[in-house]
Amino acid sequence: MNIPYFRYDFLYKEFKTDIDEALRNVLDKGAFILQQELRDFEKAIADFTGAKHVIGVGNGTDSLILMMKACGIQPGDEVIMPSHTFIATATAAGWLGAIPVLIDCRDDHLMDVSKIEAAITSKTKVIMPTQLNGRTCEMDKLQEIADKHGLIILEDAAQALGSKYLGRCAGTWGKAGSISLYPAKVLGCFGDGGMVLTDDDKIAHDIFCMRDHGRDPKTNRVCMWGINTRLDNLQAAVLLAKFKHYRKTMQRRREIAQRYCERLSKIPEIILPPAPNDADTRHCDVYQNFEIEVGERDDLRNYLQANGIGTLIQWGGRAVHQITELKDSMRFDVSNLQRTELLFKRCLMLPLNMSVSDDEVDYICEKIEAFYK
Ligand SMILES: Cc1ncc(COP(=O)(O)O)c(C=O)c1O
């Protein structure tokens, strides 16, 4: 078998008829920028997540930057975030002159909420959890800490559309949340895309303006400095067509994760992510990624590769604090990041996406079993 880590060509094949129709409709109308499909998509996501406002933007990094900007983050402000996240989370702070303060992760690979208070200083303004791998942090505990210290929560929910904690969607817990629509995401478009979710009218208004050259959508008059980071209407049409199937998509990803967990839990050398049927029912995960930990990571990876199975190490193998080129612009203490240090010696992601069949999951598990025998 040949199972690449991801099949980008499958994204079109999966819903070809729906997508062809959606694209043709937009092209026939010549409706490219800030048109009906974008408004319909924003409304569909608002209904689905329970967010009052959804603002489609050019990518998930711009959505992070804009929500920080709309919350008034200034140079020198500190933003607490996990080190196990994409560089874009830290970029959002760094781009505004703020300082990413990096903390450790837990065994489920998400930010260790119990480490937040020790990182708070008089300069701290924001706590920014990453809802990693399609799983949502312990947001009730995080909220308590934020309230106690008067801090804003902004969520990097790039990987977690539809993931829930205590029945509430990722991206709707904080003052605002950011989601990426990059092609490989659980809901991905055919290029770059992102969105901000918020219940706050002022933040929403400012982001609606900032994404479109600072123009107020109601008056079309420039009322603040802005940039151009609108979600394309063609992308919105693709997203709407795919979103019709989203509940099935989430369900299928959970099935694949369950299949991996059942089979691989018999191998003691492997540390698995929490399974969909895990005893901790506060979480409902959408499995953007299936990230395992293994001591012999590189050997296993090579063995799987030799057997036609592609795997990936998240962020090119470096947590944010390990990006030495940027270390002077961030604050962290490696001795407090020991779980993350260990994780990056052992983490490996197995193929989990809509193109992966049950037979392929079984084959991957068979090969992993053979490796450990
Ligand atoms: C955790 C996280 N944050 C931010 C981003 C940035 O999103 P984008 O690639 O759409 O800019 C990504 C996507 O790759 C991500 O996984």
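Numbering of ligands and ligand atoms starts at 1, following listing order. Please read all numbers here as calculations on a predicted model, not as lab measurements.
- Taking the side chain as every heavy atom from C-beta outward, L272 and S265 approach each other to under 4.5 Å.
- Looking only at protein heavy atoms, the nearest one to atom 16 (O) of ligand 1 is Q159 NE2, 3.1 Å.
- Side-chain N/O atoms of N59 and D62 include a donor and acceptor closer than 3.5 Å.
- Any N or O atom pair closer than 3.5 Å counts here, and T61 shares at least one such pair with ligand 1.
- At least one donor-acceptor pair closer than 3.5 Å links the side chain of N233 to the backbone N or O of L38.
- Below 3.5 Å of separation, one finds an N or O of S180 facing an N or O of ligand 1.
- Residue-ligand proximity: G193 is placed with a non-hydrogen atom under 4.0 Å from ligand 1.
- Closest protein heavy atom to atom 2 (C) of ligand 1: A158 CB, 3.4 Å.
- Put simply, the side chain of Y260 gets close to the backbone of P351: a donor and an acceptor are under 3.5 Å apart.
- Using a non-hydrogen distance threshold of 4.0 Å, K185 registers as a contact of ligand 1.
- Residue contacts with ligand 1 do not include D192, since none of its heavy atoms lies under 4.0 Å from the ligand.
- In terms of N/O distances under 3.5 Å, ligand 1 is not approached by A88.
- S335 and D333 form a side-chain donor-acceptor contact under 3.5 Å, judged by distance and modelled atom types alone.
- Scanning the protein for heavy atoms near atom 12 (C) of ligand 1, the closest one is F86 CD2, 3.5 Å.
- With a 4.5 Å cut-off on side-chain heavy atoms, C261 and F290 count as touching.
- For atom 3 (N) of ligand 1, the nearest non-hydrogen atom of the protein is D156 OD2, 2.7 Å.
- Ion pair R263/E369 flagged as a salt bridge, since at least one NZ, NE, NH1 or NH2 atom sits closer than 4.0 Å to an Asp/Glu carboxylate oxygen.
- Contact atoms of ligand 1 toward T130: 1 (C) (distance under 4.0 Å to a heavy atom of the residue).
- Aromatic ring pairs are classed by plane angle as parallel below 30°, tilted from 30° to 60° and perpendicular above 60°; the pair H245 and F15 is parallel.
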